[in-house]
Amino acid sequence: MTPDPDRRPPPISSRRRDPAELFEAAEAGDRAAIGRLLSLIERGGEPARQVAALTFAPSAGVEQVVGITGAPGAGKSTLTDRIIAAARAEGGPVGVLAVDPSSPFSGGAILGDRIRMQGHAVDDDVFIRSMATRGHQGGLALAAPEAIRVLAAVGMRTVLVETVGVGQVEVEIAGAADTTLVVVTPGWGDAIQASKAGLLEVADLFVVNKAEREGAAETRRDLDNMLDLNPSMGEWRPPVLLTTAVSGEGVDAVWAAVRDHRNYLAGSAELDRRRERRLVEEMNRVLVHLLERDVRTLAGGERFEAVMADLLARRLDPYHAAARLLDTDRG
Ligand SMILES: Nc1nc2c(ncn2[C@@H]2O[C@H](COP(=O)(O)OP(=O)(O)OP(=O)(O)O)[C@@H](O)[C@H]2O)c(=O)[nH]1
Ligand SMILES: [Mg+2]
């Protein structure tokens with residue numbers, strides 16, 4: 001991503017907004033331009049659509065998108081900071097997206113994350129960005145994959161996506177990565193919670209962080225047992241690894257496992273299959289979003305009122321009423 005300094009273009013004025021211009025500058029390594037592109041995605045609307053179209057073409061550069069999820073405070077950002085270092089040691093630019101569906105803040109700064117990842121603040125080949133919902137109509141579940149593609153298209157070799165929390169949206173976002181890492185902390189409750197939240201299904205790798213604390217070995221054993229009982233397990237058996245992210249202990253093994261998983265995916269053609277599947281899933285989410293929007297526009301309209309009258313008079317049951325509104329009721 002960092003071009004020859006002599007060829008590096010002058011930074012684009014952050015006020016210039018034409019997506020094509022911004023993309024050109026971003027591809028040449030202009031960090032402000034990358035930030036602007038992500039802001040456009042975050043805000044949604046027509047400019048976001050333009051950015052999405054510009055950055056959609058398959059980017060040869062990106063090797064691996066790694067999702068990092070887990071309960072609040074489990075140490076995801078601290079671990080991400082360590083993983084950035086491991087990825088950078090291997091070479092190639094690293095893009096990091098910290099996604100917080102519950103946060104109204106945006107513009108690139110969830111303060112805690114910034115502080116915990118500031119070890120890389122002077123590295124031009126590390127681009128860290130926090131993301132909140134802002135205007136994007138479909139919310140972060142729709143904006144996040146677009147943001148990931150922006151980072152891939154401008155030359156990131158590794159893209160890390162940290163999601164805060166373990167709700168449905170977070171699991172969806174983390175599960176959209178090539179490799180999903182689930183971070184838990186010592187304690188029986190966390191392992192159970194992880195399984196309840198559907199994390200057992202999306203995890204390619206479990207990390208028991210804060211492993212210097214009591215109960216780490218037991219938590220690892222609990223997870224291993226749950227994984228052994230999981231009938232839907234494919235060829236890849238998610239490893240359960242212990243880390244102490246604050247000291248960096250165990251992080252090299254995590255990074256090695258992340259790369260192992262990547263090699264497994266590439267070797268089995270599973271990487272392409274996953275990327276194809278998540279594109280289709282993404283399109284389905286957009287479709288549902290567009291339908292919801294249409295349904296909202298229907299509400300209050302003449303036809304809507306007529307169907308509503310039939311519904312309330314019990315001439316139409318809710319199923320047929322909805323079908324009539326969608327025009328699929330031919331009866
Ligand atoms: N004892 C101990 N503390 C840790 C470890 N890793 C992280 N922490 C601490 O745990 C707290 C939360 O760490 P973060 O990295 O912000 O956790 P997070 O999962 O990103 O938190 P959210 O993004 O708010 O969900 C911080 O005070 C860290 O210093 C560890 O291995 N051991
Ligand atoms: Mg965090």
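One-based numbering, in listed order, for ligands and for the atoms of each.
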- Taking atom CD of Glu235 as the centre, report whether more than 12 heavy atoms of other residues, nucleotides or ligands fall under 6.0 Å from it. no
- Message: For N/O/S atoms only: which one belongs to Glu162 and is nearest the Mg ion (ligand 2)?
- Response: OE2
- Check each of Gly70, Ala71, Gly73, Ala245 against atom 31 (O) of ligand 1 and report the one with the nearest heavy atom. Ala245
- Of the listed options (Lys210, Arg213, Lys76, Glu249), which comes nearest to atom 18 (P) of ligand 1 when hydrogens are ignored and any heavy atom counts? Lys76
- Between Glu249 and Thr243, do the side chains contain an N or O donor and an N or O acceptor separated by less than 3.5 Å? no
- Task: Any atoms of ligand 1 less than 4.0 Å from a non-hydrogen atom of Pro72? List them with their elements.
- Result: 25 (O)
- Query: Under 2.8 Å from the Mg ion (ligand 2), is there an N/O/S atom belonging to Thr78?
  - Reply: no
- Task: Please test Ser77 against Glu162 for side chain to side chain donor-acceptor pair (under 3.5 Å), starting from the C-alpha separation and ending with a verdict.
- Result: CA-CA 7 Å; Ser77 297; Glu162 178 193 340; 2.7 Å; yes
- Message: Thr244 versus ligand 1: do any nitrogen or oxygen atoms come within less than 3.5 Å of each other?
- Response: no
- Residues forming a side-chain hydrogen bond (donor to acceptor under 3.5 Å, both in side chains) with Gln64, sequence neighbours excluded: Thr179, Arg259
- Query: Which residue pairs pass the ring pair (Phe, Tyr, Trp, His ring centres under 6.0 Å) test with at least one member in residues 222-249, sequence neighbours excluded?
  - Reply: Trp236-His261, Trp236-Tyr264
- Note on the structure: Under 4.0 Å between heavy atoms, the region of Thr78 that gets near ligand 1 turns out to be both
- Query: Nearest heavy atom to atom 2 (C) of ligand 1: which of Arg82, Glu212, Glu162 does it belong to?
  - Reply: Glu212
- Item | Those atoms of ligand 1 less than 4.0 Å from some heavy atom in Ser77 | 15 (O), 18 (P), 20 (O)
- Query: Can we say Asp204 and Arg274 salt-bridge, meaning some charged N sits less than 4.0 Å from an Asp/Glu carboxylate O?
  - Reply: yes
- Please determine which of Arg275, Arg273, Arg277 meets the salt bridge (Lys or Arg N to Asp or Glu O under 4.0 Å) test together with Asp178. Arg275
